[in-house]
Number of protein chains: 2
Amino acid sequence: MTEDQTVASHRIADDFAAKIETGELSPGTKLPSERTLVTTYGVARNTVQAAMRLLAEAGMVVPHHGRGVYVRTPAPLIRLGSDRYSPKYRESGLSPFKIECERAGKQPRFEVLSIDRTQPPRDIAEQLHVDADGPSVLRLENVFWADDDPVYRVTTYVPWTIAEGTGLVEPEVPHPYGIHGVLEDQGYPMARLHDVATARMPTLAEKAALRLPAGVPVIDLLHVSVRADGEPYEATRFVMRADMSSLTYDVPVE
Amino acid sequence: MTEDQTVASHRIADDFAAKIETGELSPGTKLPSERTLVTTYGVARNTVQAAMRLLAEAGMVVPHHGRGVYVRTPAPLIRLGSDRYSPKYRESGLSPFKIECERAGKQPRFEVLSIDRTQPPRDIAEQLHVDADGPSVLRLENVFWADDDPVYRVTTYVPWTIAEGTGLVEPEVPHPYGIHGVLEDQGYPMARLHDVATARMPTLAEKAALRLPAGVPVIDLLHVSVRADGEPYEATRFVMRADMSSLTYDVPVE
DNA sequence: GAGTGGTCTAGACCACCTA
DNA sequence: AGGTGGTCTAGACCACTCC
């Protein structure tokens with residue numbers, strides 16, 4: 001990488017970074033043990049660990065307690081597309097997440113954490129044009145799993161005026177087309193979607209909830225569903241582990 | 001956060017994480033010096049540093065050499081929208097990046113790193129339907145700055161058959177509407193865009209090029225421009241510092 | 001039990017910033 | 001000059017994994 005002369009831990013990290021980038025060390029390969037590197041580089045173990053930490057933070061290696069440090073194996077990407085709410089999925093009966101999991105050779109699983117009426121966060125209230133100081137929304141919290149990895153932490157908000165008395169509140173009778181099927185029955189077909197995506201490091205809580213290894217950021221996506229008349233009627237925040245997720249948008253230029 | 005009892009560095013990190021999340025320590029506040037924390041917590045300085053590192057990796061604090069450790073101040077977001085190629089910007093003569101920088105109170109700057117004919121990366125070649133084993137594309141490398149911060153590292157690829165002999169190769173005469181103005185004149189107006197976005201930690205090279213502090217991931221966006229007949233004619237990879245960038249898509253559901 | 005990474009100590013010197 | 005973070009040493013013990 002950069003020819004970092006002086007700092008020993010950087011030099012060691014650059015050495016391995018170069019070997020990994022050129023493919024000399026392929027994914028899944030075990031690095032020499034820290035105590036081995038201590039002798040080969042003639043430095044203290046802390047220094048070797050600092051080097052390993054740099055590589056781990058860059059997402060290039062994953063340390064396994066008691067086993068060794070390994071070159072990270074890229075995870076297959078689960079794509080979340082701009083067509084995810086398209087009517088075309090109605091006919092097949094398959095959800096985009098299911099399709100993507102199968103493509104990646106993984107078993108999809110959907111977990112409901114909670115369904116309740118509550119006060120929305122300020123940004124959600126603003127997007128949905130509802131009261132930020134009262135229980136103005138129905139909130140649904142879910143987790144999407146691929147095999148044994150939690151991939152998305154998803155929180156959906158629907159104005160209580162829309163959700164009240166619908167199948168959204170009673171999850172025992174699932175709608176065949178999910179939340180958006182129910183909303184469509186209520187007179188809210190989706191005409192446009194409004195997505196805002198950023199990326200950041202996980203909070204300590206998210207890191208635990210999504211079981212994230214070091215060096216893995218999250219994609220933070222705020223989605224708003226809009227009816228043909230311009231009324232926003234549903235907002236969802238996706239917190240996605242970035243090493244297993246991508247967003248795709250195939251859209252017209254207007 | 002989680003009540004981590006045993007590990008001293010985690011306990012210290014959790015202490016400060018809680019104070020930052022509740023707002024007891026507001027952005028810009030200076031934390032006590034490491035040597036102070038050594039005495040208040042009764043641990044070695046390495047342990048305090050491990051705690052600070054955990055917070056820095058989570059993007060909560062930023063250490064400044066010789067000055068102290070500070071609670072991170074959120075940077076204003078530069079938005080990159082799905083309308084960024086919209087004809088509507090032609091009339092105003094303003095680029096979306098300029099508009100966003102002004103909104104954020106920053107001075108935009110555009111730097112050309114290189115323009116050359118070269119061999120495309122494999123994924124680009126695939127997207128553009130060109131030869132991956134020859135100099136089949138024109139490559140333009142640029143950096144977008146907001147004040148003194150490099151925000152995007154942008155690499156654009158145009159099939160040589162399209163770019164040859166056009167104003168793209170001769171940058172001395174800039175087209176009023178930029179690259180896409182030239183391409184439109186060549187018979188390539190954009191009908192659709194195809195974006196694929198992921199997030200990851202920067203490589204060591206990117207970390208240096210974008211001057212990224214610890215705990216800041218990058219958004220890696222691959223954009224492909226498509227003509228009305230479905231022909232892809234331009235691909236661009238954006239590497240964006242995530243703490244200053246967001247992607248917005250306001251699009252119809254098809 | 002042997003080998004691995006995870007954490008910690010108690011020092012030391014260096015590089016940078018402010019005054 | 002004095003305070004700050006950045007790096008390093010040479011040890012130590014713990015927790016986990018594999019045989």
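Predicted model only: the values in this text are computed from it and were never measured.
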- Could you walk me through whether B/H223 and A/Y249 pass the ring-ring contact (aromatic ring centres under 6.0 Å, His included) test, one step at a time? CA-CA 9 Å; B/H223 158 85; A/Y249 293 88; over 10 Å; no
- Task: Examine the base of D/dG5 for any acceptor or donor lying under 3.5 Å from a partner atom in the side chain of B/R35, and report the outcome as yes or no.
- Result: yes
Donor-acceptor pair under 3.5 Å, A/R53 side chain vs C/dG5 base
no
Nearest-Å distance for atom pair [atom1]/[atom2], residues [X] and [N]:
X: B/Q49; N: D/dT4; atom1: CD; atom2: C1'; value: 11 Å
X: B/R45; N: C/dT9; atom1: CZ; atom2: P; value: 14 Å
X: B/Y41; N: C/dT7; atom1: OH; atom2: P; value: 17 Å
X: B/L54; N: C/dC8; atom1: CG; atom2: C1'; value: 14 Å
X: A/K30; N: D/dT17; atom1: NZ; atom2: P; value: 14 Å
X: A/I12; N: D/dT7; atom1: CD1; atom2: P; value: 13 Å
X: B/Y70; N: D/dG3; atom1: OH; atom2: C1'; value: 11 Å
X: A/L37; N: C/dT4; atom1: CG; atom2: P; value: 10 Å

Distance check: side-chain N/O of [X] vs OP1/OP2 of [N], anything under 4.0 Å?
X: A/H10; N: D/dT7; value: yes
X: A/S33; N: C/dT4; value: yes
X: A/T47; N: D/dT7; value: no

Of A/N46 and A/H65, the one whose closest nucleotide on DNA chain C sits nearer the 5' end is A/H65
Salt-bridge present (A/R200, A/D220; N to O < 4.0 Å):
yes
Regarding the side chain of B/S9, the nearest nucleotide among D/dT9, D/dT7, C/dC8 is C/dC8
Side-chain contact check for B/V43: nearest option of D/dT4, C/dT9, C/dC8 is C/dT9
Between B/G68 and A/A50, whichever has its closest DNA chain D nucleotide further toward 5' is B/G68
Separation between CD1 (A/I78) and OG (A/S245), nearest 0.5 Å, reads 7.5 Å
Value for CG (A/L221) from OG1 (A/T236), rounded to nearest 0.5 Å, stands at 9.0 Å
Heavy atoms of B/V43 and B/V38 approach each other most closely as O-CG1, 3.0 Å
